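The structure displayed is predicted, hence computed values, not measured ones. When a residue number appears, it is its place in the shown sequence, counting from 1.
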Amino acid sequence: MTRDLRPGDRVALLVPGSPAYVDLVIALAAERVVPVPLDPRLTPSERQALLSYLSPRLVLETPDDVTTLLARLPAAARRGLPRCRPMHVTSGTTGAPKGVWSGLLDEPQARALLDEERDLWGFAADDVNLVLSPLHHSAPLRFATGTLLAGGRVVVPGPFDPAAVTAAIASERPTTMFCVPTHLQRLFAYWDESGVPDLSSFRLVAHAGAACPPAVKERLVELFPDGSTWEFYGSTEGQLTACPSEEWRAHPGTVGRARPGRTLHLDDDGTIWCTVPEHARFTYWEAPEKTAAAWRDTPHGRAFTVGDLGRLDDDGYLYLDGRREDLVISGGVNVYPVEVENVLRTVDGVRDVAVFGVDDPAWGQRVCAAVVGDVDHDALRALARERLAPQKRPKDYVAVDALPMTATGKLRRLVLPGLLGLGRTD
């Protein structure tokens, strides 16, 4: 199975996550073979399209494939120095999926990549990483590989289930965990009924992937040990900021300041650009025009953007306004959904909310809101009149049981009009 694998070849992983999966990712990367983690739940047509695009040398589709290939790689490679980043494919919620390719790294670059993650998150031999998210996503895989490379171990309870996670916390005494806000909301609801487990073993709980409602964030800080909770902001392409909750409390709404070795700057329209070290650069696989659009030279160095919008305060703290694709342009005025959502979330009874645009013949787009929770829409309208300029106030409120999310916990904002049957009004 390994005879034809050469440096730079790609191995597609279409299997559920497991400790062996993480071992294999490290071993392949140490051999300069590129792991390509993919969602095993892809439909046959989705799978065929992605594999045609990625042209992997090998495709693994069962857990037995993982253990067989792992057994044929050098044993030392399981904890060897990774000489590339896995090639993750972006979620494609706003366009065609893109493979994020870092190239093969020389030894100093590979060492720098490993050291910066270890220095930031403190991975150590006594760490136990509890995996909540699918390992084909970049953030959970980074935390898992960082833990193993430091000599720790990982626990993979399987598809997310609050009861299974709670049992793993009790039996495995994890020290670290990456999650998205949806995980936290489901865990807290479960713990409200079953009781909060002993969380004293945790030294790091990091969350990202979507905006965290302030009430959820406060509950997180309240339940877990002091100094253990962090938020970070980044994407499949790269990591930009990291923020302990204590700094978030001092700067409400921030996602933190630039990570070490990076600088942040904004265009006049708020587009966020981030300079990164050479070992953290990337291209989009077989998409030179998209790569060129994502990168530019700046006085601070080579910088990339994924199109997100934000603000920087005088202390360098970043605040997100959303994605360029999420903008609602109503009557020629830019409306940032995150700003409106943050106001509406303060109304009693709102569990979650998503603001989006719908085509409108008079205004180009009108602002709408999908609301989860037992809440009087008149109360939402009253607060919007008090706190938001007229162009930012939702014209329609729709009650929903849940918001459409990706597997990584990101809101699928652009599908909301179709799902809710909203469209042009003439």
Side-chain angles (χ1 to χ4, degrees), residues 90-95 179-186 188-189 207-217 231 233 235 253 255 270 306-310 319-330 333-360 363-385 387-425:
T90 59
S91 61
T93 56
T94 58
C179 54
V180 298
T182 299
H183 292 145
L184 296 173
Q185 290 171 306
R186 291 183 60 188
F188 296 162
H207 69 90
C212 189
V216 175
K217 182 93 165 186
E231 180 172 4
Y233 160 62
S235 63
V255 291
V306 292
D308 288 347
L309 304 170
Y319 300 78
L320 298 181
D321 288 326
R323 292 188 65 88
R324 176 178 296 278
E325 294 91 342
D326 292 344
L327 269 179
V328 180
I329 303 177
S330 185
V333 177
N334 290 347
V335 177
Y336 299 100
V338 171
E339 178 185 1
V340 181
E341 290 162 359
N342 286 340
V343 170
L344 298 180
R345 281 194 177 101
T346 66
V347 175
D348 288 343
V350 174
R351 296 202 305 275
D352 210 350
V353 61
V355 170
F356 57 99
V358 171
D359 289 346
D360 186 274
W363 298 97
Q365 288 182 302
R366 69 182 187 275
V367 181
C368 302
V371 183
V372 181
D374 184 10
V375 59
D376 183 350
H377 290 180
D378 287 339
L380 294 169
R381 293 188 177 90
L383 185 66
R385 286 194 298 270
R387 298 273 299 278
L388 296 168
Q391 68 272 15
K392 299 178 183 179
R393 300 170 191 163
K395 305 300 188 291
D396 301 295
Y397 292 88
V398 182
V400 296
D401 293 330
L403 299 177
M405 311 293 279
T406 69
T408 54
K410 294 180 181 179
L411 174 66
R412 299 174 62 211
R413 192 186 306 276
L414 298 184
V415 307
L416 278 166
L419 289 177
L420 299 177
L422 297 174
R424 185 177 293 276
T425 57

In the structure I gave you, are the side-chain heavy atoms of His207 and His183 within less than 4.5 Å of one another anywhere? no

For Gln185 and Val216, which heavy atoms make the closest approach, and how far apart are they? CG-CG2, 3.6 Å

Side chains of Pro404 and Leu419, heavy atoms from C-beta outward: is any pair under 4.5 Å? yes

Would you say Lys395 and Asp360 make side-chain contact, with heavy atoms under 4.5 Å? no

Which atoms form the tightest heavy-atom contact between His377 and Ala399, and what is the distance? CE1-N, 3.9 Å

Closest non-hydrogen atoms of Thr346 and Asn342, given as atom of the first, atom of the second and distance, are CG2-O, 3.5 Å

For a 4.5 angstrom cut-off between non-hydrogen side-chain atoms, does Val350 reach Leu380? yes

Of all residues at least two apart in sequence or in a different chain, which pass the ring-ring contact (aromatic ring centres under 6.0 Å, His included) check with Tyr319? none

Can you tell if the side chain of Val340 reaches within under 4.5 Å of the side chain of Pro394, non-hydrogen atoms only? yes

Is the backbone N or O of Leu388 less than 3.5 Å from a side-chain atom of Arg393, with the two atoms forming a donor-acceptor pair by type? yes

Are any non-hydrogen side-chain atoms of Val338 and Leu320 less than 4.5 angstrom apart? no

Excluding sequence neighbours, so at least two apart, what forms salt bridge (Lys or Arg N to Asp or Glu O under 4.0 Å) with Asp396? Arg366

Val375 vs Tyr397 side-chain heavy atoms within contact, under 4.5 Å: no

Hey, could you give me the CZ/CG distance between Phe356 and Leu420, rounded to the nearest 0.5 Å? 5.0 Å

Interatomic spacing from CG in Asp352 to CG in Leu344 - rounded to 0.5 Å: 11.0 Å

What's the verdict on side chain to side chain contact (heavy atoms under 4.5 Å, CB included) for Met405 and Leu411, showing C-alpha distance, side-chain angles and the deciding distance? CA-CA 5 Å; Met405 311 293 279; Leu411 174 66; 4.0 Å; yes

Counting only heavy atoms not in Asp378 (residues, nucleotides, ligands), do more than 12 fall under 6.0 Å from its CG? yes

Taking all non-hydrogen atoms of both residues, which atom of Val328 and which atom of Gly357 are closest, and how far apart? CG2-N, 3.5 Å

Minimal non-hydrogen separation, Arg412 against Thr406, with atom names: CG-CG2, 3.6 Å

Value rounded to 0.5 Å, distance of CG in Leu416 from SG in Cys368: 9.5 Å

Taking all heavy atoms of Val355 and all of Ala369, pick out the closest pair and write down the distance. CG2-CB, 4.2 Å

